[in-house]
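Heavy atoms only: backbone and side chains are in, while hydrogens, waters and symmetry mates are out. The shown structure was predicted, so the numbers you read here are calculated from the model rather than taken from an experiment. This chain uses plain numbering: 1 for the first residue, then up along the sequence.
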Amino acid sequence: MFKVGEATITRIEETYLPAYPLRDIFPDFTDAHMAQHKDWLAPHHYDPDSGCIKLSVHSWLLKIGGKTVLIDACCGNNKVKPGRPFWNMLNVDYLGRLKSAGAAPDDIDLVMCTHLHHDHVGWNTRQKDGKWVPTFPNARYVFSKPDVDYFAKIDADPKQGPAELGTFRECVVPILEHGRADLVECGPHRLNDFIEIDGAPGHAPGHVFFKLESKGERAAFIGDVWHHLLQVYYPDWNFPKNSDVDQARVSRRKVLDWCASNGALVFPGHVGLPFAGRVEKAADGYRAKF
Ligand SMILES: [Zn+2]
């Protein structure tokens with residue numbers, strides 16, 4: 001558990017596995033990079049046996065001011081994920097882990113998705129009587145409007161749809177239909193006393209990040225602005241699957257600058273153990289202090 005001012009923040013794990021070959025994901029990675037970074041890469045961020053980067057899929061449970069907030073909603077159970085064997089038809093006790101962290105589904109006041117890719121919306125819904133219904137019945141769900149518009153358009157196009165392996169229909173549309181969604185622009189936009197929403201488009205067109213401030217301390221929930229700490233050192237290295245590769249790089253530097261200049265504790269969506277940390281500006285770029 002992490003503390004930021006009066007907030008407590010707990011990681012709710014879904015999976016934490018070696019996922020993709022490092023040199024496929026980051027083609028510019030050389031033996032010299034390995035020599036420079038090997039001290040911290042293995043075993044938490046890189047699996048030497050398989051040559052794969054380790055990625056976590058998790059949510060962040062934020063409690064502050066009497067509110068219980070779930071940030072990003074992983075892949076979810078019973079979801080068909082063609083081409084994603086690690087996350088296909090999961091059967092994970094995610095809700096048990098959430099309960100152990102002090103939150104039953106009824107307790108969640110807000111679900112906030114940094115973007116609407118399939119691995120950030122899964123637990124928005126669960127199956128009941130053959131239908132996908134909101135998992136968190138009392139929650140308002142905060143979605144980025146540009147992402148809703150973008151994926152709705154793809155989903156409606158028979159040549160491109162269904163969007164996000166079908167998860168847009170399963171995990172986003174039911175929330176809209178139940179009237180539980182609050183659609184927000186990319187910001188900057190103040191959500192409540194503690195949280196501000198700001199734009200970080202590029203990985204998805206409506207990708208946002210959430211700034212938290214409490215008692216003079218700051219945090220940032222950055223979703224997929226970077227997937228791996230190597231991207232802190234090499235901000236131009238994109239992870240695959242972006243709506244706009246150049247915009248993703250601009251957003252990464254924007255968020256790195258904000259986090260470094262504010263001393264914010266950074267909570268990414270997929271970075272390995274210890275899962276959260278700080279970034280610092282250095283003469284030649286940035287350093288990760290995780
Ligand atoms: Zn992701």
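Looking at residues two or more places apart in sequence or on another chain, you find a side-chain hydrogen bond (donor to acceptor under 3.5 Å, both in side chains) between W87 and T15. By the side-chain hydrogen bond (donor to acceptor under 3.5 Å, both in side chains) test, H118 is found to be paired with K81, residues two or more places apart in sequence or in another chain being considered. With sequence neighbours excluded, the residues satisfying side-chain contact (heavy atoms from CB on, under 4.5 Å) with R11 are E13, Y16, S56, H58, W60, F275. Contacts of E14 classified as side-chain hydrogen bond (donor to acceptor under 3.5 Å, both in side chains), with partners at least two apart in sequence or in another chain: W123. Not a single side-chain hydrogen bond (donor to acceptor under 3.5 Å, both in side chains) links Y20 to another residue, sequence neighbours left out.
Of the possible polar contacts, one joining the Q231 side chain to the H228 backbone as a donor-acceptor pair under 3.5 Å is found. Using modelled atom types, no side-chain atom of H45 and backbone atom of I53 make a donor-acceptor pair closer than 3.5 Å. Of the possible donor and acceptor atoms, one in the side chain of D109 sits under 3.5 Å from a partner among the backbone N and O of T68. Side-chain atoms of R84 do not come within 3.5 Å of backbone N or O of F86 as any donor-acceptor pair. For the pair S144 (side chain) and H207 (backbone), a donor-acceptor distance under 3.5 Å is absent. Panel note: side chain D155, backbone F151; no donor-acceptor pair is recorded below 3.5 Å. Put simply, the side chain of D47 never gets that close to the backbone of P18: no donor and acceptor are under 3.5 Å apart. Listed for the D147 side chain is a donor-acceptor partner under 3.5 Å among the backbone atoms of L116. The backbone N or O of G202 lies less than 3.5 Å from a partner atom in the side chain of S243, making a donor-acceptor pair.
Side-chain atoms of D224 and H117 include no donor-acceptor pair closer than 3.5 Å.
Rounded to the nearest 0.5 angstrom, T135 OG1 and Y141 OH are separated by 5.0 Å. Separation of atoms CG (D106) and CG (N138) is listed at 5.0 Å; rounding is to 0.5 Å. The structure places NZ of K211 at 7.5 Å from CG of N262, a figure rounded to the nearest 0.5 Å. Taken from CD1 in I175 to CZ in R180, the straight-line distance is 8.5 Å, to the nearest 0.5 Å. L61 CG to D72 CG: the interatomic distance, rounded to the nearest 0.5 Å, is 13.0 Å. Taking CD of E170 as the start and NZ of K79 as the end, the distance is 6.0 Å to the nearest 0.5 Å.
Here D31 pairs with R23 in a salt bridge; the nearest charged N to carboxylate O distance falls below 4.0 Å. Salt bridge absent: K153 and D157 never bring a charged side-chain N and a carboxylate O closer than 4.0 Å. The residues K281 and D257 are annotated as salt-bridged, a charged nitrogen and a carboxylate oxygen being separated by less than 4.0 angstrom. For R287 and E280, the salt-bridge test fails: no basic side-chain N is under 4.0 Å from an acidic carboxylate O.
With a 4.5 Å cut-off between side-chain heavy atoms of Ile, Leu, Val, Met, Phe, Trp and Tyr, the cluster of M89 takes in V80.
Each of W226, F209, F221 was checked for a ring pair (Phe, Tyr, Trp, His ring centres under 6.0 Å) with F267, and the lone residue meeting it is F221.
Note on V271: it clusters hydrophobically with L230, by side-chain heavy-atom contacts below 4.5 Å among ILVMFWY residues. By the criterion of side-chain heavy atoms lying less than 4.5 angstrom apart, applied directly or through intervening Ile, Leu, Val, Met, Phe, Trp or Tyr residues, F290 is not grouped with I9; the two fall into different hydrophobic clusters.
Ring-plane geometry between H33 and H37 is classed as parallel, the angle between the planes falling under 30 degrees on a 0 to 90 degree scale with a further cut at 60. Ring-plane geometry between H270 and H227 is classed as parallel, the angle between the planes falling under 30 degrees on a 0 to 90 degree scale with a further cut at 60.
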task = Starting from the C-alpha separation in whole Å, work towards a yes-or-no answer on salt bridge (Lys or Arg N to Asp or Glu O under 4.0 Å) for D198 and K254.
result = CA-CA 10 Å; D198 202 350; K254 167 185 165 174; 3.1 Å; yes

